[in-house]
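Each remark here refers to the structure printed beneath this line.
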Amino acid sequence: MTSSSGGARPRRVNVHDLARARQDRRPITMVTAYDWPTARLADAASVDCVLVGDSVAMVVAGRESTIPATLEQMIYHGEIVCRGVSRALVVVDLPFPLQHLGERSAVEAAARLLKETGCQAVKLEGTAGQAGVIAALVAAGIPVMGHVGLRPQAVHQLGGYCLQRDAEQLAADASAAAAAGAFAVVLECIPRQVAAAITAGLAVPTIGIGAGPDCDGQVLVMHDLVGLSFDRVPRFARRYADGRAAFSAALAAWKADVEAGTFPGPAETLG
Ligand code: KIV
């Protein structure tokens, strides 16, 4: 896509493009990024959405859960990612517990994410109980992506990173998010049949992770996709590259060259 002015800058994917993709049955793609180089790579791969997930706390910072991610950290990573993305829709996670502190806190935090990072939308985890917060954000002109099913911010309450099976509750949560104005809803770690039924009944696109192939789109964590995750790689993720092996081999080769006196060689020596 190119801009209407004919310049080289591509047209930004927007929330209506995602609705059209669902209508046209074109699968939506979303991948996480937390830094400038991977944001550039994701954008160059023409994914629809880049998600600055609060999973940054786990896959980048090595924390036990996403709970420690702070608003300042999401702004820091969000701003870096936005500078690397010119085409994809950038979505930044509202970190715990801002969606539970009332509509005003959520609007203030989401507005900071938009103003200080340059992202186009925010994502928030929640049940039907957070529908009022989604409605307040939407009323403020902030596009919201909902996130139901396995909500990693509620991992201690849910008893682990496990399959969510309560079909009635999941459908109610997704419907409430859509009715409140969410432009899309992430379905995480729920049975295929439940995700299919929710997708069929919802007016907005669903983006699945561990929710089977019948969602309108799919999202994966970048580090799982490229093989840079260390632990807790979910069964539903697929590794498309062995990033750890590639990095380790490069590091070992460089160390061996230094120790053998072959790096730096003439090509890397100045003067
Ligand atoms: O934080 C994150 O990366 C996410 C995705 C797993 C959807 O919420």
Side-chain angles (χ1 to χ4, degrees), residues 18 27-35 38-39 42 47-71 73-78 80-81 85 88-99 109-110 113 117 119 121-127 130 134 144-155 158 160-164 170 173-174 177 182-190 195 198-199 204-212 215-226 228-239:
L18 301 190
I28 296 164
T29 49
M30 179 161 85
V31 67
T32 66
Y34 317 100
D35 58 33
T38 54
V47 298
D48 295 299
C49 308
V50 172
L51 170 66
V52 186
D54 58 2
S55 51
V56 65
M58 298 175 77
V59 297
V60 174
R63 309 299 288 260
E64 282 289 306
S65 76
T66 61
I67 293 169
T70 66
L71 182 60
Q73 289 165 355
M74 297 313 298
I75 290 171
Y76 175 77
H77 289 281
I80 290 172
V81 165
V85 175
L89 179 84
V90 181
V91 184
V92 181
D93 259 337
L94 195 66
F96 178 79
L98 282 157
Q99 70 275 43
L113 289 173
T117 71
C119 71
V122 302
K123 175 166 80 58
L124 67 84
E125 293 179 16
T127 62
Q130 276 66 58
I134 294 178
V144 179
M145 181 178 279
H147 181 152
V148 309
L150 171 57
R151 290 166 288 113
Q153 294 176 6
V155 61
L158 297 174
Y161 296 95
C162 40
L163 189 68
Q164 303 301 301
L170 293 164
D173 292 344
F183 68 86
V185 181
V186 167
L187 305 179
E188 179 162 355
C189 207
I190 69 178
I198 292 174
T199 300
V204 300
T206 60
I207 302 182
I209 175 162
C215 299
D216 297 305
Q218 297 291 327
V219 52
L220 273 186
V221 167
M222 173 74 79
H223 289 56
D224 295 343
L225 193 158
V226 301
L228 283 176
S229 297
F230 277 80
D231 41 27
R232 253 199 229 106
V233 178
R235 210 198 84 189
F236 54 70
R238 185 182 293 175
R239 202 180 71 179

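Keep in mind the model is a prediction, meaning the values are calculated, not measured. Order of appearance sets the numbers: ligands from 1, and atoms from 1 within every ligand. Values below: every heavy atom of this structure, side chains too, minus hydrogens, waters and symmetry copies. Just so you know, residue 1 is the first one in the sequence shown, and it goes up from there.
With hydrogens left out, the protein atom closest to atom 8 (O) of ligand 1 is Lys123 NZ, 2.8 Å, a heavy atom. Of the protein's heavy atoms, Leu51 CD2, 3.8 Å lies nearest to atom 7 (C) of ligand 1.
Counting non-hydrogen atoms of neighbouring residues, nucleotides and ligands closer than 6.0 angstrom, the CZ atom of Phe236 exceeds 12 such neighbours.
With a 4.0 Å cut-off on non-hydrogen atoms, Thr66 does not touch ligand 1 at all. Under 4.0 angstrom from ligand 1, there are no non-hydrogen atoms of Glu125.
Ligand 1 has a nitrogen or oxygen under 3.5 angstrom from a nitrogen or oxygen of Ser55. Checking only distances, Asp54 does come within under 3.5 Å of ligand 1, N or O to N or O.
Residues Leu158 and Gly149 come closest through the heavy atom pair CD1-O, 4.4 Å.
Side-chain atoms of Gln218 come within 3.5 Å of backbone N or O of Gly212 as a donor-acceptor pair. At distances below 3.5 Å, at least one donor-acceptor pair connects side-chain atoms of Thr206 with backbone N or O atoms of Asp216.
Under the salt bridge (charged side-chain N to carboxylate O under 4.0 Å, His left out) criterion, Asp93 pairs with Lys123, sequence neighbours left out. By the side-chain hydrogen bond (donor to acceptor under 3.5 Å, both in side chains) test, Thr38 pairs with Asp35, sequence neighbours left out.
Atom CE of Met58 sits about 7.0 Å away from atom OG1 of Thr66, to the nearest 0.5 Å.
Annotation for ligand 1: atoms under 4.0 Å from non-hydrogen atoms of Thr32 are 3 (O). Every atom of ligand 1 with a heavy atom of Ile209 under 4.0 Å away is listed here by number and element: 6 (C). Taking every heavy atom of Gly53 and a limit of under 4.0 angstrom, the matching atoms of ligand 1 come to 1 (O), 2 (C), 3 (O). Proximity to Asp93 (heavy-atom distance under 4.0 Å) selects the following atoms of ligand 1: 1 (O), 2 (C), 8 (O).
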